[in-house]
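In what follows, every heavy atom counts, from backbone to side chain, and hydrogens, waters and symmetry copies are set aside. Treat the numbers as computed from the prediction; the structure is a model and nothing was measured.
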2 protein chains.
Amino acid sequence: MIESTPVSVDVLTLRFDPTARTVLLGVAPRAFEPFAGALALPGVLLGKGERLREAARRAVRDKLGAPEEAITASGQLTTFDEPSRDPRGPTLSIALWATVDPARLAGGAATWPPLADVPPLAFDHDRIVADCRPLLADRLWRDVAFTAGLLGREFTTAQALDVTESLTGDRPYPANLGRIMERLPGLARTAQHAAALPKGGRPPSVWRWTS
Amino acid sequence: MIESTPVSVDVLTLRFDPTARTVLLGVAPRAFEPFAGALALPGVLLGKGERLREAARRAVRDKLGAPEEAITASGQLTTFDEPSRDPRGPTLSIALWATVDPARLAGGAATWPPLADVPPLAFDHDRIVADCRPLLADRLWRDVAFTAGLLGREFTTAQALDVTESLTGDRPYPANLGRIMERLPGLARTAQHAAALPKGGRPPSVWRWTS
DNA sequence: TCAAAAGTGTTGTTGATACACCCATGA
DNA sequence: TCATGGGTGTATCAACAACACTTTTGA
């Protein structure tokens, strides 16, 4: 009988900060060896019979200290199988994404660096983040659950621009992004307008998910 | 300590049959319970420290009876985590694709139904095939390793049309597919022409990977 | 009234689709 | 010489990017 490989689920937890106007990644210092004290993605060993999303929720709750109600959506990314990625021995790491609602976050040991500027992490988590970033950027405006999870039920054009810039690296023209959103089924421009940004300027329109 | 979930690697093994002009999927009858005798995707339990592609090669070799040299390329698809997918208890299934060179296939217990018409399979393998088919179609002409693995180092426009039809479900216009291939870096039209098809017609040009 | 930022309209480019027509083969 | 089917050229349409110009706010 072949001995089986332990499976860990590592989560890229994303949160949009409207004040900093960027997407943040949830990381937390490790409590135990190896890499005790070093920052790492929240991760747990997959329990027998546990589903991947359940494990991801558990990781976000236990490692980032976020209540489960704060998790708005989650999904699969890829699997990392380098045998040497964990010094304790070969383990598989299945990467998942999760989005959280900043309003429902209680304290916790987590730090939230901008996704565009993540400090060095434990294990091969730098590589995981690097490899998964394009996958996340690709999901925006394509995967409704992901986009809605990140932006919330209601958001402004300005916020949509900020999120897109954080994920893809460059800022689209407001006009063009507006047209992308108008074409998106399940999303509609409301009649309302939000307050203008601190520096002034025309107040952006508010968008809402219809379904 | 949490008990860990066994991980199996299940492989969608693809092969292009130039005579039947379709892409075939490798399946084999199961030797043991559960589902003994029923057709299934080749799959093995992932060994400790084993890489996913190694396990995939092992599955194709042991379950389909194909020599490892016949495998031309392989890669990841998705993970299936329904706890009830195996009656023996919860297991994870990581789906991989592999392409084989029909010329290098020795006998073996495998059957090769067309990918478009796969008979009912054991476990949740029907669902795996159904879910992964769009992923495979999406890789064609995008993932060079996949496309080259399936078509071989040298192929004709007619074969490219056949493969595209098998994977996507409809046959592109030869002119348009020709332009897609011309834009593809690493692929070039040669000066040669293949023999015409049995029914006659203009002999198709031969394409070759340059890198 | 000026700066800032969203929104409207317009234009050019690119990719995909579709098709008319030309070419090369087997029967 | 006809049916078959690949190859060339062209038209059409949608998506996207880019930008001039207008509108609405705060200072």
Side-chain angles (χ1 to χ4, degrees), chain A residues 18-22 134 137-144 147 151 154-185 187-208, chain B residues 16 18-22 134 137-143 147 151 154-185 187-208:
Chain A
T19 313
R21 305 179 49 172
T22 42
D138 197 60
R139 260 186 175 68
L140 187 64
W141 308 121
R142 267 184 237 287
D143 181 336
V144 175
T147 311
L151 279 160
E154 219 178 79
F155 60 92
T156 67
T157 304
Q159 294 173 339
L161 287 164
D162 293 338
V163 164
T164 307
E165 184 173 12
S166 304
L167 284 182
T168 66
D170 51 19
R171 193 175 187 81
Y173 292 83
N176 295 336
L177 183 55
R179 278 180 283 248
I180 287 178
M181 295 196 284
E182 253 153 17
R183 269 203 310 273
L184 215 69
L187 184 59
R189 199 194 294 260
T190 67
Q192 316 164 32
H193 288 262
L197 293 187
K199 277 183 288 189
R202 178 171 176 172
S205 20
V206 175
W207 301 77
R208 200 189 342 251
Chain B
F16 173 59
T19 313
R21 303 181 50 172
T22 42
D138 196 61
R139 260 189 173 68
L140 188 64
W141 307 120
R142 267 185 238 287
D143 181 337
T147 312
L151 279 159
E154 219 178 79
F155 60 92
T156 67
T157 303
Q159 293 173 339
L161 287 164
D162 293 337
V163 164
T164 306
E165 183 173 13
S166 302
L167 284 182
T168 67
D170 51 19
R171 193 175 186 79
Y173 291 84
N176 296 337
L177 183 55
R179 279 180 284 248
I180 288 178
M181 295 197 282
E182 252 152 17
R183 271 203 309 272
L184 215 69
L187 184 59
R189 198 193 294 260
T190 67
Q192 317 163 31
H193 289 262
L197 294 188
K199 277 184 286 189
R202 179 169 175 173
S205 17
V206 175
W207 301 77
R208 199 185 347 245

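Following rounding to the nearest Å, Asp170(B) (CG) and dA18(C) (C1') show an atom-to-atom distance of 13 Å. The CZ-C1' distance, from Arg142(A) to dC16(D), rounds to 12 Å in whole Å. In this structure, Asp162(B) atom CG and dG5(D) atom P are separated by 11 Å, rounded to whole Å. Counting to the nearest Å, the C1' atom of dT8(D) and the CD1 atom of Ile180(B) are 16 Å from each other. The distance between atom CZ of Arg189(B) and atom P of dG6(D), rounded to the nearest whole Å, is 12 Å. Between the C1' atom of dG5(D) and the CD atom of Gln159(B) lies a distance of 15 Å, rounded to the nearest Å. The interatomic distance linking Arg171(B) (CZ) with dG7(D) (P) rounds to 11 Å, in whole Å. Met181(B) has its CE atom 11 Å from the C1' atom of dG7(D), to the nearest Å.
Considering only residues two or more places apart in sequence or on other chains, Arg171(B) meets the side-chain hydrogen bond (donor to acceptor under 3.5 Å, both in side chains) condition with Asp162(B), Glu165(B). Thr164(B) pairs by the side-chain hydrogen bond (donor to acceptor under 3.5 Å, both in side chains) definition with Trp141(B), not counting sequence neighbours. In this structure Arg142(A) satisfies the salt bridge (Lys or Arg N to Asp or Glu O under 4.0 Å) test together with Asp138(A), sequence neighbours excluded. In this structure Arg202(B) satisfies the salt bridge (Lys or Arg N to Asp or Glu O under 4.0 Å) test with no other residue, sequence neighbours excluded. Thr157(A) pairs by the side-chain hydrogen bond (donor to acceptor under 3.5 Å, both in side chains) definition with Trp207(A), not counting sequence neighbours. Judged as a side-chain hydrogen bond (donor to acceptor under 3.5 Å, both in side chains), and not counting sequence neighbours, the contacts of Arg189(A) are Glu182(A), Ser205(A).
Residue-level contact check: Ala158(A) touches the backbone only, with heavy atoms under 4.0 Å from sugar-phosphate atoms and none from bases.
Look at Thr156(B) and you won't find any side-chain N or O under 4.0 angstrom from OP1 or OP2 of dG6(D).
Residues Leu187(A) and Phe155(A) are in side-chain contact: their nearest non-hydrogen atoms beyond the backbone lie under 4.5 Å apart.
Counting only residues at least two apart or in different chains, salt bridge (charged side-chain N to carboxylate O under 4.0 Å, His left out) contacts with residues 190-200 of chain A are absent.
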List, with names and distances, any nitrogen or oxygen atoms from the protein found under 3.5 Å away from nitrogen or oxygen atoms belonging to nucleotides 9-12 of chain C.
{"residue": "dG9(C)", "atom": "O6", "partner": "Arg179(A)", "partner atom": "NH2", "Å": "3.3"}

Distances under 3.5 Å between nitrogen or oxygen atoms of protein and nucleotides 24-27 of chain D:
{"residue": "dT24(D)", "atom": "O2", "partner": "Arg202(A)", "partner atom": "N", "Å": "3.3"}
{"residue": "dT25(D)", "atom": "O2", "partner": "Gly201(A)", "partner atom": "N", "Å": "3.0"}

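Scanning all heavy atoms of the two residues, the minimum distance from Ala194(A) to Pro203(A) falls at O-CB, 2.9 Å.
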